[in-house]
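Heads up, the thing below is written out as structure tokens.
The structure presented is a predicted model; accordingly, all values stated were derived computationally and were not measured.
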Amino acid sequence: MRRRSKLTFHKGYLFALVLPLLIVFIYFSIDIRSLFTSDISSFKFNTVSDQIRESQLQALHLLNQQQSSLLSIWNHTFVNSNNITTVQFDDIKATLLTQITLNKHMQQILLSPYKAGDTLQNGTALDPSSAGYSFHRCRKVDQKFSERRTIEWKPRRNKFLFAICLSGQMSNHLICLEKHMFFAAILNRALVIPSSRFDYQYNRVLDIEHINDCIGKKVVVPFEDFMKLKKNHAHIDKFICYFSTPQPCYMDGEHLKKLKSLGISMGKLEAAWKNEDVKNPSRKTVKDVEEKFGSDDDVIAVGDVYFADVERDWVLQPGGPIAHKCKTLIEPSKLILLTAERFIQTFLGSNFIALHFRRHGFLKFCNAKKPSCFYPIPQAADCITRMVERANSPVIYLSTDAAGSETGLLQSMIMLNGKTIPLVKRPPRNSAEKWDALLYRHGLEGDSQVRI
């Protein structure tokens, strides 16, 4: 029994000595970690999150391929193309460049959780300049004033067109007034600016004399000057309505009474076309206007022409359809221009986007359509963000009738590359601020016509 115990005791010692040596030998001869890491890794990452990550990387790869394809089209297909017009060529270029920019934005979003910076995993830079092309993010309109199609405005002596604008608010009235100017030029008549008792007080908003100076003759006559010429009693010899539906000249009985209260008399309203509807205006030409409204009478009126569709391409060209020597024919009054310049210097700087966000107007006139064109705030924010990226502007001026809850949500959603783009609105009156002093000095601070 003693011998047996002694032998067992020696075997235990031997095992204790050999086992560490065996472990050291195996550790240095075989990488044990490699035997287990792959199994553990496959078990650990074989999850839903890993599948999402793989899908995102695949999508990123596809977007990179799409970018290469678009660049190939840009560099090879449209370089020497002579089969399309200049306008079509510019539109195609703008479309392609917009898609490339959008593609860049999507790649950055997909890549952001995995790698910082603007470089793809394969080393392809997202910067457009490093990809072999360059472009202006926001195209500038080529004015080409010398190439405009224009008409000379030469009023005949004592021949007037009485402007009547009733549709919508101030911006609509200005468009209507501009179209009246085109009609007056076609018919060789001076344009009579409406009275403030019937319409807006245009001389507080517009520089009337600037129009006459640009044309080089008196083509626009304020209502007060017109009435002095007519000895405070004027007669509209022909009141020919451009639109007959929903009512002749887009006028109701109340507006007719206002005209008469101003000392204006008129005959019966006539319709130039029987079925011309403001909701579905037909295209007209200069010849149509001359045939229907041409007359030797001293004073004529054609009613509200805001909805009129006359020579659209001609009217909408940069600089307008009328020949003049100025950069723009219709300008705000000098007080408003100077105030706007001071506001820009104070709050915006030289590089900004101006946004007119009409919520209530579009809700009333647009939401009734099917499909509706009254868009939700997130969709508007997405559109605005794309415009900010194209223009590369650090700030947005916001003119809006939207509620604070809507503008607050809009502000929170307008972000580019992780930075919020500030929305600047006209601030409340503060005597410490001097940019709007001219408006208050001349009594324009509360004028609903003034929009800065």
Side-chain angles (χ1 to χ4, degrees), residues 138 165 168-178 193-214 220 222-224 326-363 377 380-381 384 387-388 391-412 414 419-452:
C138 194
C165 297
Q169 303 301 319
M170 186 67 189
S171 58
N172 287 20
H173 284 227
L174 290 177
I175 295 172
C176 171
L177 198 64
E178 188 173 15
I193 300 295
S195 166
S196 59
R197 291 163 57 189
F198 180 79
D199 200 343
Y200 289 105
Q201 193 170 353
Y202 288 102
N203 62 346
R204 290 168 65 90
V205 181
L206 300 180
D207 190 343
I208 303 297
E209 287 307 312
H210 171 79
I211 300 174
N212 291 327
D213 292 340
C214 290
V220 177
F223 177 79
E224 292 73 18
C326 301
K327 186 176 181 180
T328 55
L329 186 57
I330 299 180
E331 287 188 354
S333 69
K334 290 180 174 60
L335 289 176
I336 295 177
L337 275 178
L338 185 56
T339 302
E341 290 175 359
R342 291 179 177 179
F343 179 87
I344 292 170
Q345 291 172 350
T346 303
F347 296 100
L348 301 175
S350 60
N351 185 12
F352 66 93
I353 290 177
L355 172 65
H356 189 188
F357 195 47
R358 293 182 58 182
R359 293 297 283 172
H360 298 164
F362 276 95
L363 178 61
I377 296 292
I384 295 168
M387 294 300 298
V388 169
N392 195 27
S393 297
V395 65
I396 300 172
Y397 171 65
L398 178 65
S399 174
T400 184
D401 57 1
S405 57
E406 290 185 323
T407 56
L409 177 61
L410 182 67
Q411 175 65 93
S412 67
I414 299 181
K419 296 181 179 179
T420 300
I421 307 299
L423 298 176
V424 178
K425 295 190 293 184
R426 178 179 174 176
R429 169 63 175 163
N430 189 331
S431 59
E433 296 175 1
K434 304 302 181 183
W435 65 270
D436 57 352
L438 288 174
L439 297 183
Y440 287 84
R441 195 177 303 159
H442 293 84
L444 291 171
E445 70 279 2
D447 197 324
S448 61
Q449 303 170 110
V450 179
R451 297 289 184 268
I452 300 178

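Residue Glu178 qualifies as open at atom CD: its count of foreign heavy atoms under 6.0 Å is 12 or below. Gln169 CD: 12 or fewer foreign heavy atoms inside a 6.0 Å radius. By the 6.0 Å contact criterion, CZ on Phe362 is open, its count of non-hydrogen atoms from other residues, nucleotides or ligands being 12 or less.
Considering CZ of Phe357 and CG of Leu423, their distance stands at 9.5 Å, rounded to 0.5 Å. The CD1 atom of Ile336 lies 11.5 Å from the NE2 atom of His442; values are rounded to the nearest 0.5 Å. Here the CD1-CG distance, from Ile377 to Leu410, works out to 5.5 Å after rounding to the nearest 0.5 Å. The CD1 atom of Ile414 sits 9.5 Å away from the CG atom of Leu409 when rounded to the nearest 0.5 Å. The CZ atom of Arg358 lies 12.0 Å from the CG atom of Leu363; values are rounded to the nearest 0.5 Å. Going from atom CG of Asp199 over to atom CE of Met170 covers 8.0 Å, rounded to the nearest 0.5 Å.
Ser393 places no side-chain N or O within donor-acceptor distance of the main-chain N or O of Val395, the cut-off being under 3.5 Å. Not a single donor-acceptor pair under 3.5 Å links the side chain of Thr420 to the backbone N or O of Pro422. Side-chain atoms of Asn351 come within 3.5 Å of backbone N or O of Asn392 as a donor-acceptor pair. Judged purely by atom type and a 3.5 angstrom limit, His173 uses its side chain to pair as donor or acceptor with the backbone of Gly168. In terms of modelled atom types and a separation under 3.5 Å, the side chain of Glu331 and the main chain of Asp207 share no donor-acceptor contact.
Under the salt bridge (Lys or Arg N to Asp or Glu O under 4.0 Å) criterion, Arg429 pairs with Asp436, not counting sequence neighbours. A search for salt bridge (Lys or Arg N to Asp or Glu O under 4.0 Å) contacts involving Lys425 returns nothing, not counting sequence neighbours.
The aromatic rings of Phe347 and Phe343 sit tilted, their planes meeting at an angle between 30° and 60°.
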Criterion side chain to side chain contact (heavy atoms under 4.5 Å, CB included) on Arg342 and Lys434, from CA distance to verdict: CA-CA 8 Å; Arg342 291 179 177 179; Lys434 304 302 181 183; over 6 Å; no
